[in-house]
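Just so you know, ligand 1 is whichever comes first in the structure, and atom 1 is the first atom listed for that ligand. Note that these values count all heavy atoms, side chains included, but never hydrogens, waters or copies made by symmetry. Note that the structure is a prediction, hence the values are computed from the model and not measured. One-based numbering along the sequence shown.
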Amino acid sequence: MIKRTLVVAMSVLLVACQNDEAPATGQAVSEVANTQINLVPYPTSITQSAGHFTFSGSVKLITDDNAPDSAAAISALLSQLGIKQTENDNAVIRLVIDPSLTLGDEGYQLAINQGIEIKAANDAGLFYGVQSLRQLLPAKAQEQYVLPHIRIEDQPQYEWRGSMLDVARNFQSLDYLKQHVERMASFKLNKLHLHLTDDQGWRLEIKSWPKLATVGGSTQVGGGPGGYYTQEQMRELVEFAAQHQVEIIPEIDLPGHTQAAIASYNELACGYVTESPVQNQCRDMVGEARLGLYEGTCVGFSALCTSEKPDLTYRFVEEVLTEVAAIFPSKYLHIGGDEVLNEEKTSFAGFITQVDKIVASLDREVLAWEEASKGDIRPSSLLQLWNDNYDIQPALDKGIHLVLSPCSYTYLDHGNYNGQPETYTWCAKEGVPLERVYSLTPENYAQAVGVEGAMWSELVRDEATADNRNWPRLAAIAEVSWTPQAQRNYEQFTGRLSELRGHLDQLNIQYHKEAQLNWQ
Ligand code: TNX
C-alpha cells in the first residue's frame, strides 16, 4: 500500500522548482531534487538535494533551554501529529541557538538530512523554523513522514507583518483572539493590532474610568451585548501572543471615534456637532451632540472636547494611556487620529502633539493613522498609511516611518471578490481580491517598516465572517511583508497556498474558498 505520508514531497509534482525565475536572488535550487516545497511565506533560499529523511511515530527531540517558545511550538506540533518523543530514537529533531548566525532577529536555518536541525540566533528564529517545518509536514497524522533533503535559510524583509482586528464595532471573544494569534504565527505574522475603541464600543477595562467598559462596552453595531476585556484578560493575551512571537499593539482611537467614551462620560463632549460627517447618509448626525450609545455605522461624527475642555480631555487621555501602557508592553501605542471632524475647532494638530508628549512620558512611541502627520510628533513615531494617495511626504521628511495599509490593497472589510455581500466598496469598488493584496509592493514605499491587513468590522458580525474576510488574504499579507519582491510570484504563491489548505483546516479557519486557489 502506498502510504499517503508526505507532505510536501509525495505530492511530488514534477514541476520545476519554485522561483527558478528569480535569478536575482541567486537562489540555489538543486537540480537533483525537485519536490515542490509549499511554504508561505516563501523563504529566502531553498537548497534541495537527493534523498529523503523518513520517520514514523516517534522522534528524539532536543531543544534549547534558552528557547522555551520554540520548544513549546515543536512539542505542540509533534503532539498534534501524534508523534511521540522518545529518548533513544534514530530520528532526531534538534533546535539549536547559535548566536553566530547572521540572519537577523527572526531568521533561521532549517536543515533536513539524516535528521532535522533548526538553528537560529534566538528563540524567535527557532520558532519560525518550527513554523516552516509545520508546513513541510502534513496537516494530519500519518503512519510515516517523508521529507526531502533540504536546507532553508530564511529571514523576513520587514519587521512589521500585521493584522488589525476591529473588536470595537463588533466584539470578539478572548478565545477568538488567541486562535487568531496561532493562525497568524503559522504564517509568521507578528503584530496584532487591536482596534479597541470606537463609536460603537469601548472594549478595554480602564480602572480609573470604569464606565468606559461597563457602559461604553455594552453594545455594538446593530445592538447586542457587546463586551469588553478585563485588564487581566488582556495581560493573558499579551503573554500568549508573546509565546507565539506576536506583539499586541493596542489602539485607543482619539480624539474622534469616541462616541462610546462620550456615552460613558458625557462631560467629555462639547455641546454640538458642527461639521458634516464623512458619509452622505450620515448628514443627520450634525447638530446637537449625541450623548448616548451608538449602534450605527456612520463615521467621523464624534470627538472629545479638546479645545474647550483641555484640562479634562488631557487628564482623561493621560489616565487612560497610563493604564494601557501598563497592560501592553509594546514599544508603540496606537492613538488613532483618523477621521476627525472639524480639525480646527478640535485643534486636532495640537491635540496629537500633546498626546505624543503623554506617550513619550510613558516611555513609548506613537503609532497613529496618517492624519496624525498634521501634529508635531517625534520622528521616531510610526504612521499608518490608509488612503492610497495620501500625501505623507511631510512626515517622511521628518524621518517618520510607515506601516503600510493602503486601503485598495489591505482593507479586508472589502470583498474577497467583486460583489461579495456584506462588504464595503468605498475604497475599491471591485473589492480587494487575493491577487490584489498580493500585488502590493511595499518596496515602492520609502521608509516602510512593513504591512498590515485591516479588518474593520462594521459588517462583520461573527467569527465565521471574520475568518472569511481575513483568510486567505492574510497569507498574502504575510508573503508580501516577509518575502522580497524578487522572489514573489502570484502564480507560484497560489500553487503553494492551494496545497496548504489542510493546514488552514487544521487551524479551523473558515476561510473564503478563493476561486484562484484549488479549494472549491
Ligand atoms: C475608515 S481607515 C476607517 C474606519 C472604518 C473603515 C471602513 C480608518 C483609519 N478609519 O473607521 O471602519 O474606513 O472601511
Side-chain angles (χ1 to χ4, degrees), residues 162-172 193-203 220-222 249-261 277-282 285 294-303 332-341 343 348 352 366-375 381-392 395 402-416 420-432 436-437 440 451-461 465-466 468-470 473 477:
S163 158
M164 189 207 79
L165 295 184
D166 171 4
V167 294
R169 269 57 175 270
N170 273 292
F171 184 65
Q172 299 289 359
H193 165 184
L194 291 180
H195 184 74
L196 287 166
T197 69
D198 213 303
D199 294 315
Q200 300 87 346
W202 184 287
R203 307 299 177 201
Q220 57 189 20
V221 169
I249 312 293
E251 178 184 353
I252 303 295
D253 202 348
L254 302 165
H257 290 269
T258 39
Q259 190 61 34
V278 179
Q279 294 153 282
N280 281 336
Q281 69 270 32
C282 297
M285 307 289 289
Y294 181 65
E295 295 168 351
T297 57
C298 289
V299 294
F301 61 89
S302 61
Y332 296 96
L333 301 182
H334 202 311
I335 59 158
D338 57 318
E339 297 175 323
V340 172
L341 62 93
E343 289 184 359
F348 175 70
I352 295 293
V366 155
L367 165 58
W369 298 106
E370 62 197 14
E371 294 98 312
S373 57
K374 292 171 188 148
S381 308
L382 287 180
L383 288 171
Q384 190 161 6
L385 189 75
W386 62 281
N387 282 294
D388 285 16
N389 298 317
Y390 192 84
D391 178 16
I392 202 72
L402 303 179
V403 174
L404 303 175
S405 298
C407 57
S408 79
Y409 297 91
T410 68
Y411 267 32
L412 307 182
D413 61 348
H414 282 54
N416 282 289
Q420 182 173 22
E422 296 293 296
T423 61
Y424 273 143
T425 53
W426 64 263
C427 180
K429 61 181 185 329
E430 356 32 66
V432 179
R436 173 72 184 174
V437 178
L440 175 65
V451 183
E452 187 171 294
M455 214 270 311
W456 300 101
S457 73
E458 287 99 319
L459 306 180
V460 176
R461 292 180 213 292
T465 310
N468 174 286
R469 302 299 185 266
N470 275 319
R473 290 182 289 183
I477 297 280

>> Within the 4.0 Å heavy-atom shell around Y424, which atoms of ligand 1 are there?
In response: 7 (C), 14 (O)
> In the protein, what heavy atom is nearest to atom 3 (C) of ligand 1, and what distance, to one decimal place, separates them?
Replying inline: E339 OE1, 3.4 Å
> Between W369 and ligand 1, is there a nitrogen or oxygen pair with a distance under 3.5 Å?
Replying inline: no
> Hey, is H257 one of the residues with a heavy atom under 4.0 angstrom from ligand 1?
Replying inline: yes
>> Is it the case that the side chain of D199 and the backbone of A260 share a donor-acceptor pair, with hydrogens and angles ignored and the cut-off at 3.5 Å?
In response: no
> Would W386 and E452 satisfy side-chain hydrogen bond (donor to acceptor under 3.5 Å, both in side chains), going step by step from the backbone distance to the final call?
Replying inline: CA-CA 10 Å; W386 62 281; E452 187 171 294; over 6 Å; no
> For W386 and ligand 1, does the shortest N/O to N/O distance drop below 3.5 Å?
Replying inline: no
>> Return the closest protein heavy atom for atom 2 (S) of ligand 1 as residue, atom name and distance.
In response: Y411 OH, 2.5 Å
> Is there a donor-acceptor contact under 3.5 Å from the side chain of R469 to the main chain of L412?
Replying inline: no
>> Does W369 form a side-chain hydrogen bond (donor to acceptor under 3.5 Å, both in side chains) with E251? I'd like the steps, not just the answer.
In response: CA-CA 10 Å; W369 298 106; E251 178 184 353; 2.9 Å; yes
>> What I want to know is whether E458 and ligand 1 share at least one N or O pair that is separated by under 3.5 angstrom.
In response: yes
>> Checking a contact table here: which protein heavy atom is nearest atom 13 (O) of ligand 1, and how many Å away?
In response: W426 CZ2, 3.4 Å
>> So does N468 get a backbone contact from the side chain of N416, meaning a donor-acceptor N/O pair under 3.5 Å?
In response: yes
> What protein heavy atom is closest to atom 10 (N) of ligand 1, reported as residue, atom name and distance in Å?
Replying inline: D338 OD2, 3.0 Å
>> Nearest 0.5 angstrom please: D413 CG to D166 CG, how far?
In response: 8.5 Å
>> With a 3.5 Å distance limit and no angle check, can you tell me whether S381 reaches the backbone of L367 through a side-chain donor-acceptor pair?
In response: no
>> When you compare ligand 1 with R169, is there at least one nitrogen or oxygen pair between them that comes in under 3.5 angstrom?
In response: yes
> Should D413 be counted as touching ligand 1, given the test is an N or O pair under 3.5 Å?
Replying inline: yes
> Counting only N and O atoms by type, is there a donor-acceptor contact under 3.5 Å from the side chain of D198 to the main-chain atoms of A168?
Replying inline: no
